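Working notes, structure below.
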Amino acid sequence: MKIDFLNELNSSQLQAVKHIDGASLVIAGAGSGKTRVLTYKIAYLLSQGISPASILALTFTNKAAKEMKERIGQLVGYQLSRYLWMGTFHAIFSRILRNEATHLGYTKNFSIYDTSDSKSLIKSIVKELQLDEKVYKPAYILGRISQAKNQLITPKAYYENADYQKYDLQNRVPRLREIYSAYAARCRQADAMDFDDLLVQTNVLFGQFPEILAKYQQNFAFILVDEYQDTNFAQYLIVKKLSEQHQRVCVVGDDAQSIYSFRGANIDNILQFQKTYQNAKIFKLEQNYRSTKNIVNAANSLIDKNSEQIRKTIFSEKNEGNRIKVSGVLTDFEEGFLVASQISELHRKKRLSYADCAVLYRTNSQSRVMEESLRKQTIPYRVYGGLSFYQRKEIKDVISYLRLVVNPHDEEALKRVINVPARGIGDTTVGKVLNTAQLQGVSAFTVLTDMLKYNLPVNAGTATKLANFRDLIQNFSDQITALNAYELANNLVKATGIIGDLHDRSAENLSRIDNIQELLKAVHEYVETKKTEGLEFAGLADFLSEVSLLTDQDNDKTEQEERVTLMTVHAAKGLEYNTVFIVGMEEDLFPSPFAETLRELEEERRLFYVALTRAEERCCISYAKSRFRNGKTNFSNPSRFLKDIEPQYVDFDTEQYYASPKPRRDWDEEVSIERNLFRKENTPSTDGERLSFSPTRKLSKISSSSDAQPIEKENLPVGCFVKHSLFGIGKVLGITKVEGCERASIDFGEKGVKSLLLKFAKLEILK
DNA sequence: TGTGGATGCCTTTTT
DNA sequence: GGCATCCACA
């Protein structure tokens, strides 16, 4: 096999690729060719004659796995690459768990509960225990359970641990341990695992069955892990166990981009790698191929302020590039306008494609204002995040039906669809069924199979309705090996009448029907794909096992569209754009007010680091003095992180505002004057017009102000005329100096006499 | 059993 | 401001 592809690597990349005996840690700085090292390393292993089936490569997203597999296929041929064990932790280990399910007391067809299933189950349990749902909030409870699971703490261990009990008592949820126990029991009863269980049960499997562990240890001669900084304890331990004998493990990651600790990711896994693997060799990839020198240096100066990190010197050999532009504006609306104007200008003047621009924000809720501004200037955009395809109600409903057919004990699926479309089985009845199931120690569906035997207290009419529903599901369950996934799904959608229920042709319903058709199409494609891979029969169970671990990031819709990208910084990790706008760079937003400890604050700083390093050539940061959030206007100061970037890499648009830790009084006065003016001008117009109105005038000035110099005192003799974007034309009455800042007193006629800071005010001198 | 107005709550989220 | 949820009522 040809291995001249290795020529495409630089020397440190090559060293990392060629080190295949023993553990190695590849610290890959942003834009340093991390994925390239991983893919080429695997290709290299294959070229050395290693069997693809003995290589395990773990990623965090399906997308990453898919892209890597594709690339490796190109390098060494698909005949080899298709046999690689490459996928997300969850996908790979759910596959292994299905094969070994019976050892653990599950069936091969166990369901996978997603987050909403888990929350719904917790809600039921909280109700059954007659606890207050306001105190025992499902999201919080699930978070705690998830934390426990990540640490591999069983319900029993949790129940018996005095520290947890104390902690929960302090947080006024003393009975959390009972909920955890009940939750685990109910999942088992339903033959279901939640996302965390996929990792927990893998650990249980490997811990309790040494011979099974040995089997996989021998099978996986090489283990590679992408984004290692994001692994949690359960994942760390799986990798450790599997590589115990041969130690041929290669992990790739960047501690500076660890931004998922809130999901249990433990940055110590990467920081302490050498302690776990004593003879581990470390490779550092320090050349950034993505960004200009200025951006790389700015990002370096930022991350340097973090205490916990693996020191490295990231450098760029690209050109110097522009400085990062930081703009301060009054409101979030202005910020939107500013960004839209800048994009528009870049598109017109520099012929920059919209697809090369991204707007990044800390929270999803910030997208709304941005979207509005972009629409106003007719700039095409696409928002990432939000509700995924698989989370949509109608899709979840159909999937739940499919799940129930494959695994009738799946309680969450049953609860979801038993009355969809409405068939007269209300909450009361469902409650009775669930209650009876609890009393009898069987699953809800089992109760339906013999309502008399289990003493279900319903009248004859209700019993008939329940029996009809049961028969519907049973009928399809019986055909599970006779019909393939598509035939079954298609028939099921027809038989349940789920589409008929959406008959009134409102736009909403039409889109729902579309979505269901889309899903059926996906099932069809799945069956066809499997056929081309030589699998004659692709059953519903197979389809479900894959689809439940899919998110819509994996949909192939990432094609080159001429659109601006809007997404959270988290979602942007791993991506790159020519021009990046980071908006909402304010205290109480970025860093998030939830970040209290130093560790959390450092994670926020890493998040900002991730944002900066997405940019190839141009990076514009903005912050607003006031922002509409949670139904009210909040005021805040520029983010402390702005000061963490060395000033030589940055151009501040509103320097003096930034420079003072607390906004100056006089500046505040000016703000309030302008604010009132805004209000006055805006009141008569309708909501829709409001935005295209006065901020436009004001900001058209700001947006082109990169070339506008602050006005010097010398250029502004008393008596000369100036034009202000808001106040109009005025006459200079005099210049005074207050606290080292020059202010001009200007008579704007009807609008009154204003005192403006020269450094700040955008004045045009009229000749 | 289904609907509507009042109430409460908000981060980030690869799986 | 917007969404989900809850209780009150038809």
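Below, chain A is the first sequence line, B the second, and so on; all start at residue 1. Note that the structure is a prediction, hence the values are computed from the model and not measured. Below, all heavy atoms of this structure are taken into account, side chains as well, without hydrogens, waters or symmetry copies.
As judged by a 4.0 angstrom heavy-atom cut-off over every strand, N419(A) is placed among residues touching the sugar-phosphate backbone only. G574(A) comes within 4.0 angstrom of no nucleic acid atom, judged by non-hydrogen atoms across all strands. At a threshold of 4.0 angstrom between heavy atoms, the contacts of F89(A) with the nucleic acid are absent. I425(A) comes within 4.0 angstrom of sugar-phosphate atoms only, judged by non-hydrogen atoms across all strands, and of no base.
Ring-base stacking between F262(A) and dT12(B) is satisfied, the centre separation being under 5.5 Å and the plane angle under 30°. Stacking of the aromatic ring of F60(A) onto the base of dT15(B) is not found under the criterion of centres within 5.5 Å and planes under 30°.
With salt bridges taken as basic N to acidic carboxylate O contacts below 4.0 Å, one links R403(A) and D410(A). Looking at R186(A) and E128(A), a side-chain N of the basic residue comes within less than 4.0 Å of a carboxylate O on the acidic one, giving a salt bridge. Classification of E576(A) and R290(A) as a salt-bridged pair holds, one side-chain N sitting under 4.0 Å from a carboxylate O.
The interatomic distance linking K573(A) (NZ) with dT15(B) (P) rounds to 12 Å, in whole Å. Here the P atom of nucleotide dT11(B) and the CD atom of E603(A) are 17 Å apart, to the nearest Å. As a whole-Å value, the separation of K119(A) NZ from dT13(B) C1' is 10 Å. One atom, NZ of K66(A), and another, P of dT14(B), lie 17 Å apart when rounded to the nearest Å. In this entry the distance linking CD of E372(A) with C1' of dG1(C) reads 11 Å, nearest Å.
A search for ring pair (Phe, Tyr, Trp, His ring centres under 6.0 Å) contacts involving F89(A) returns F60(A), not counting sequence neighbours. Here Y526(A) pairs with F543(A) under the ring pair (Phe, Tyr, Trp, His ring centres under 6.0 Å) rule; sequence neighbours left out. Legend: residues meeting ring pair (Phe, Tyr, Trp, His ring centres under 6.0 Å) with F262(A), ordered by chain and number and at least two apart, are Y260(A), H570(A). Checked against ring pair (Phe, Tyr, Trp, His ring centres under 6.0 Å), F110(A) has no partners two or more places apart in sequence or in another chain.
Within 6.0 Å of the CG atom in D427(A), the count of heavy atoms belonging to other residues, nucleotides or ligands does not exceed 12.
In this structure, T436(A) contributes its side chain and K432(A) its backbone to a donor-acceptor pair below 3.5 Å. No donor-acceptor pair under 3.5 Å is formed between the side chain of E100(A) and the backbone N or O of L205(A).
For K137(A), whose side chain is taken as the heavy atoms from C-beta onward, the closest listed nucleotide among dT13(B), dT11(B), dC10(B) is dC10(B). Side-chain proximity of T568(A) to dT13(B), dT1(B), dT14(B): nearest is dT13(B). Among the nucleotides dT1(B), dT11(B), dT14(B), the one closest to the side chain of T428(A) is dT1(B). Proximity note for T363(A) (side chain, C-beta onward) versus dT11(B), dG2(B), dT14(B): the nearest is dT11(B). Here dT11(B) is the nucleotide among dT15(B), dT12(B), dT11(B) with the atom lying nearest to any side-chain atom of F594(A).
Place G426(A) and L607(A) on DNA chain B by their nearest nucleotides, and G426(A) ends up nearer the 5' end. When the nearest nucleotides of DNA chain B are assigned to S548(A) and I259(A) by heavy-atom distance, the more 5′-ward of the two goes with I259(A).
Checking the phosphate oxygens (OP1, OP2) of dT12(B), a side-chain nitrogen or oxygen of N364(A) falls inside 4.0 Å. The side chain of N62(A) places no N or O atom within less than 4.0 Å of a non-bridging phosphate oxygen (OP1 or OP2) of dT14(B).
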5' to 3', nucleotides 2-10 of chain C under a 4.0 Å protein heavy-atom cut-off (B base, S sugar-phosphate only, - none) gives S---S----
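Within residues 142-151 of chain A, no residue approaches DNA chain B, by heavy-atom distance under 4.0 Å.
For dT12(B), the O4'-C1' to base torsion is more than 90° from 0; the nucleotide is therefore anti.
Nearest heavy-atom pair across D191(A) and N109(A) is OD2-C, 4.4 Å.
Between the side chain of R362(A) and the base of dT11(B), no donor-acceptor pair under 3.5 Å is found.
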